[in-house]
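A quick write-up on the structure given underneath.
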Amino acid sequence: MEYQQISRVEAAPAQPLAHALLALNNTHVQELSWLQPRRLEYLVEHAFMARRIGHLDAFIVAFDQDAPYDSPNFLWFRARYPRFVYVDRIVVAPSARGRGYARLLYRDLFDQAEQAGHERIVCEVNAQPPNPASDALHAALGFSEVGRASIHDDSKTVRYLLRPLRQRITHQGMTMTTHLEAGALCAPG
C-alpha cells in the first residue's frame, strides 16, 4: 500500500487519473458532490492535501482555512474557526472497502496537519440522506458534532464535525499534550 500525492497535472482534464478520480467521486454523488473536470483540477491545485492509495483504491482532498474555496460547508467552518483543515471528500473504491484505507488516509492527514501547526480537522457528514458508514468512521476517529445545516435548497442536512489533533492538559503545574490518535500523554520536550 502506497500513498501518492495527486498533482494538478494528474487532475487536469483528459488525464487518465482525472477520469478515474471523477468516476469514483461521481459514483458517490449522494455522499459527496458532483465534480466536473475543471473543478477537480481546481480543488487539487488549492488543496492542503490531495492523496490517493494505490492507483485509486481511495483518495482524500482537504483544504486549510486559507484556501480559495466557496463550499458552503467550508465557509461555515471558516466563519467559526481561525485555523483548521477541512476534509472536502474522502472516498474508497467498492473493491477496496474493508481494508482500512479511509482510516489510513485520515491518519496521514492528522500527521500532516499537526506538522503544519493545525489543531483541528473538520468535515461534514450527511444527516439527511443518512450516511451511516461515514458516521461510524468519524465517531471511531474521535470526531464530534459542532453544528448542523440544511444546504442545497434543503435537499440535504449535514452534521458539522470536529476532531482536535492534540489537547493541552495542565496537571500539578506540568503542561502535557495529549495526542488523541495515540491516546498517550506526552510531556513537551
Side-chain angles (χ1 to χ4, degrees), residues 1-6 20-35 40 43-44 47-65 69 71-74 76-77 80-81 84-116 118-152 156-167 178-184:
M1 190 247 354
E2 180 180 327
Y3 296 109
Q4 295 179 7
Q5 191 71 23
I6 302 169
L21 287 164
L22 287 168
L24 181 55
N25 182 89
N26 293 343
T27 298
H28 300 280
V29 71
Q30 181 175 328
E31 297 87 1
L32 304 171
S33 60
W34 185 265
L35 281 180
L40 171 64
L43 295 180
V44 168
F48 171 81
M49 188 171 109
R51 292 201 192 193
R52 62 188 165 103
I53 293 178
H55 171 66
L56 193 56
D57 289 324
F59 76 92
I60 187 171
V61 177
F63 301 96
D64 71 12
Q65 71 285 334
Y69 192 35
S71 158
N73 299 314
F74 174 81
W76 188 93
F77 287 109
R80 289 161 176 80
Y81 300 100
F84 59 88
V85 174
Y86 169 76
V87 177
D88 184 61
R89 58 198 68 232
I90 183 166
V91 62
V92 177
S95 62
R97 294 210 174 120
R99 297 181 192 169
Y101 288 163
R103 286 177 188 263
L104 290 172
L105 286 169
Y106 261 117
R107 285 190 182 120
D108 187 36
L109 176 64
F110 297 157
D111 289 345
Q112 296 299 317
E114 196 165 331
Q115 287 175 19
H118 290 282
E119 295 180 358
R120 65 188 59 87
I121 303 292
V122 299
C123 66
E124 85 280 343
V125 173
N126 290 353
Q128 201 54 250
N131 188 343
S134 187
D135 286 338
L137 170 69
H138 288 92
L141 291 174
F143 282 85
S144 57
E145 186 173 325
V146 293
R148 284 182 177 244
S150 291
I151 59 171
H152 306 306
K156 271 188 184 180
T157 302
V158 294
R159 296 175 42 231
Y160 293 121
L161 306 178
L162 182 146
R163 184 202 189 268
L165 290 174
R166 56 192 132 144
Q167 183 176 340
T178 302
H179 293 272
L180 296 177
E181 185 66 74

Take F74 and V122 through the test side-chain contact (heavy atoms from CB on, under 4.5 Å) and record every step on the way to the result. CA-CA 9 Å; F74 174 81; V122 299; over 6 Å; no

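- Seen from the ring of F77, R120 does not count as a face-on cation partner, given the 6.0 Å and 45° thresholds.
- R99 places a side-chain N or O within donor-acceptor distance of the main-chain N or O of S95, the cut-off being under 3.5 Å.
- When side chains are defined from C-beta on, F59 counts as touching V91, because their heavy atoms get closer than 4.5 Å.
- Screening E124, Q128, E145, H138 for a side-chain hydrogen bond (donor to acceptor under 3.5 Å, both in side chains) with R159, the sole residue that qualifies is E145.
- Side-chain atoms of N26 come within 3.5 Å of backbone atoms of L35 as a donor-acceptor pair (strictly under, hydrogens ignored).
- Within the 4.5 Å cutoff, the side chain of V158 has heavy atoms near those of the I151 side chain.
- Taking CD1 of I90 as the reference point, atom CD1 of I60 lies at 4.0 Å (rounded to 0.5 Å).
- Checked against a 6.0 Å centroid threshold, the rings of F143 and Y106 count as neighbours.
- In this structure, the side chain of R52 engages the main chain of G54 through a donor-acceptor pair within 3.5 Å.
- The two atoms that bring L165 and H118 nearest to each other are CD1-O, 3.3 Å, heavy atoms only.
- Between the side chains of E114 and Q112, no donor-acceptor pair of N or O atoms lies under 3.5 Å.
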Walk me through it: do L162 and F84 pass the test side-chain contact (heavy atoms from CB on, under 4.5 Å)? CA-CA 9 Å; L162 182 146; F84 59 88; over 6 Å; no

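- Between R148 and A127, the shortest heavy-atom contact is NH1-CB, 3.6 Å.
- Of all non-hydrogen atoms in R163 and F110, the two that sit nearest each other are CD-CZ, 3.3 Å.
- Here CZ of F48 is found 15.5 Å from OH of Y86. Values are rounded to the nearest 0.5 Å.
- Minimum heavy-atom separation, A140 to R103: CB-NH2, 3.3 Å.
- Distance check, rounded to the nearest 0.5 Å: CG of L56 to CD1 of I6 gives 7.0 Å.
- Rounded to the nearest 0.5 Å, atoms CZ (F63) and CE (M49) are 12.0 Å apart.
- Between Y101 and A58 the shortest heavy-atom distance is CB-CB, 3.9 Å.
- The minimum heavy-atom distance linking N73 with Y160 is given by the pair OD1-OH, 2.8 Å.
- A donor-acceptor contact shorter than 3.5 Å links the side chain of Q5 to the backbone of A50.
- By the 4.5 Å heavy-atom criterion applied to side chains, P94 and L24 are counted as neighbours.
- Here K156 contributes atom NZ and N126 contributes atom CG; the two are 4.5 Å apart, rounded to the nearest 0.5 Å.
- The CG atom of L161 sits 7.5 Å away from atom OG of S134, with the distance rounded to the nearest 0.5 Å.
- Looking at I53 and L105, their side chains come closer than 4.5 Å, going by heavy atoms from C-beta outward.
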